[in-house]
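Predicted model only: the values in this text are computed from it and were never measured. So you know, we letter chains A, B, ... as the sequences are listed, proteins then strands, and number each from 1.
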2 protein chains.
Amino acid sequence: MLHHQNINIAVDAIVIAYKEQQLFILLIQQKYGIYKGSWSLPGGFVLDGESLSGAVQRELKEEAGIKVNYLEQLYTFGDDVTRDPRGQVVSVAYFALVNPSKFKLQANTDAQDAQWFPANDLPSLAFDHAKIIDKAIERIKGKLMYQPIGFDLLNKEFAFSDLENLYKTILGKNIDRRNFRKKIMSFEILEETDKIQQIGSGRPAKMYRFKKSKYRQLEKEGFHFEIKFA
Amino acid sequence: MLHHQNINIAVDAIVIAYKEQQLFILLIQQKYGIYKGSWSLPGGFVLDGESLSGAVQRELKEEAGIKVNYLEQLYTFGDDVTRDPRGQVVSVAYFALVNPSKFKLQANTDAQDAQWFPANDLPSLAFDHAKIIDKAIERIKGKLMYQPIGFDLLNKEFAFSDLENLYKTILGKNIDRRNFRKKIMSFEILEETDKIQQIGSGRPAKMYRFKKSKYRQLEKEGFHFEIKFA
DNA sequence: ACAAAAGTGTTCGCTTTACACCCATGT
DNA sequence: ACATGGGTGTAAAGCGAACACTTTTGT
């Protein structure tokens, strides 16, 4: 070490999934220590020579056997020097999105202690993880309005109403179906598939795909995804 | 230390000032090491028991004798494991704004090696600091549109045209004076003083003050500062 | 009187909002 | 035939964009 420091550096991940009009967060049950038995965010110490995002991906694989499709740095928590009772730990939090295909956790890995919890019904959490989750939820709410991250929470093919419900769920308010559809459609970033969804009763829905390449191209041309609501 | 890690944690600060239609960034000349003589952002290792923002403030005081009026975490750089050639260092970058009263650096402190550089004419920088500055400039450009941070770069009392020029400078484009004034005034967050500014020729300008308390109150009521341009 | 910067309103077009009925399917 | 969710258009209001002359001072 360059300079002697009695501080550790860790990463934590807030992994978010969406299913049946609910947001879920991935938590891990602590096996040892004073927080034994309580739930916490997946994460751990960064290894020597390892990058921060690399550490996140490794921990997610080790602790939950999961690979995410969206990963972004959220915030670094280090202003509360006593956030970890064992010693000074600075934690770089990342926020991640997964689509429903990742929802069933493989029990074959180390992941026996990993579980999804509804975001609005979390158990009590170790460390300052409740605060970290709050910040992540704030971030996703904000981002939803000006970046097409909702698609990372849906299957590759989805009904329009799925997107609509996702927005309703995350923002916690009703949106006008007609205006919402008009807006999204005007961006021309959705591709209609030839499939239709048939579940339960009601008229079957056309399935759409998010055209990521089209979006990236529009972005380069100066286009900004942005949604406004009443 | 809880866990043996061969990684250090540091903070860096991007301190931004505005004067005469230019943005300036505070840099420090390196005294030792392989980057000796080249310029870098103020910053350094976090001390045991010290908070991250505390470390930033301490370094700014030590290295430049400066106290900032706006400080916000920018990003944590730790994905490039070799960003510091001496060893693995994760750096939490903060971005800070100061008003013109801080512009003259006291030469009595350690600050002999501190200097302001125009943001568009920087010397070559140590480490990955050029990249960090880019990110900070991006952030300030974005924030200017939806948060009233411009006021932190001006004196407490300022002419309206100062605000206008600040926006023109940072965004790098012309703005419509009438529309801009109309917009800002509609927020009712400025207070007219009884002073007038008289410099050189031309009609003297009324001086304004930013009503921070009024802004905070509006914010609580759900108001969002937001400016759009052509 | 002229140069220099401050101050001020109106019109036009686009975007946002509010709002309700028909369609396709299963039971 | 009815229940369920999918799919669609239009009018009014509000906001952003474009645009030029008058005022106050110094020289």
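Listed by chain and residue number, B:Glu50, B:Glu62 satisfy the side chain to side chain donor-acceptor pair (under 3.5 Å) test with B:Arg58 (two or more places apart in sequence, or in another chain). Partners of A:Ser53 by side chain to side chain donor-acceptor pair (under 3.5 Å), not counting sequence neighbours, listed by chain and number: B:Asp79.
The interatomic distance linking A:Phe229 (CZ) with C:dT16 (C1') rounds to 12 Å, in whole Å. The interatomic distance linking A:Arg181 (CZ) with C:dC19 (C1') rounds to 17 Å, in whole Å. Note: CZ (A:Phe180) to P (D:dG6) measures 13 Å, nearest angstrom. The CE-C1' distance, from A:Met185 to D:dG6, rounds to 12 Å in whole Å. Remark: C1' of D:dT24 and CD of B:Gln197 are 14 Å apart, rounded to the nearest angstrom. Atom CZ of B:Phe187 and atom C1' of D:dG16 are 12 Å apart (whole Å). For the pair B:Lys206 NZ and D:dT25 P, the interatomic distance rounds to 12 Å; values are reported in whole Å. The nearest whole Å value for the distance from the NZ atom in A:Lys183 to the P atom in C:dA18 is 15 Å.
Remark: nothing in residues 156-167 of chain A comes within less than 4.0 Å of DNA chain C through any heavy atom.
You'll find that the side chain of B:Asp176 is closest to D:dA18, out of C:dT17, D:dA18, C:dG7.
In this structure, the side chain of B:Tyr18 engages the main chain of B:Leu166 through a donor-acceptor pair within 3.5 Å.
Taking the ring centroids of A:Phe225 and A:Tyr146, they lie at or beyond the 6.0 Å cut-off. If you look at A:Phe223 and A:Phe187, their ring centroids are closer than 6.0 Å.
Each of B:Tyr167, B:Phe158, B:Tyr215, B:Tyr208 was compared with B:Phe151 under the ring pair (Phe, Tyr, Trp, His ring centres under 6.0 Å) criterion, and only B:Phe158 meets it.
Applying the salt bridge (Lys or Arg N to Asp or Glu O under 4.0 Å) test to pairs two or more places apart or on separate chains, those with a residue in residues 141-166 of chain A are A:Glu72-A:Lys143, A:Glu157-A:Lys195, A:Glu157-A:Arg209, A:Glu164-A:Arg177. Listed by first and then second residue, the salt bridge (Lys or Arg N to Asp or Glu O under 4.0 Å) pairs that reach into residues 210-230 of chain A come to none, sequence neighbours excluded.
Of the two residues near DNA chain D, A:Asn179 and B:Asn179, the one whose nearest nucleotide lies more 5' is A:Asn179.
Side-chain atoms of A:Lys182 come within donor-acceptor range of the base of D:dT10, with a qualifying N/O pair under 3.5 Å.
Using a 3.5 Å distance cut-off with no hydrogens or angles, the side chains of A:Gln30 and A:Ser40 do pair a donor with an acceptor.
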Shorter than 3.5 Å, N or O on both sides, protein versus nucleotides 20-22 of chain C: list them out with atom names.
residue, atom, partner, partner atom, Å
C:dA20, N1, A:Arg178, NH1, 3.2
C:dA20, N3, A:Arg178, NH1, 3.4

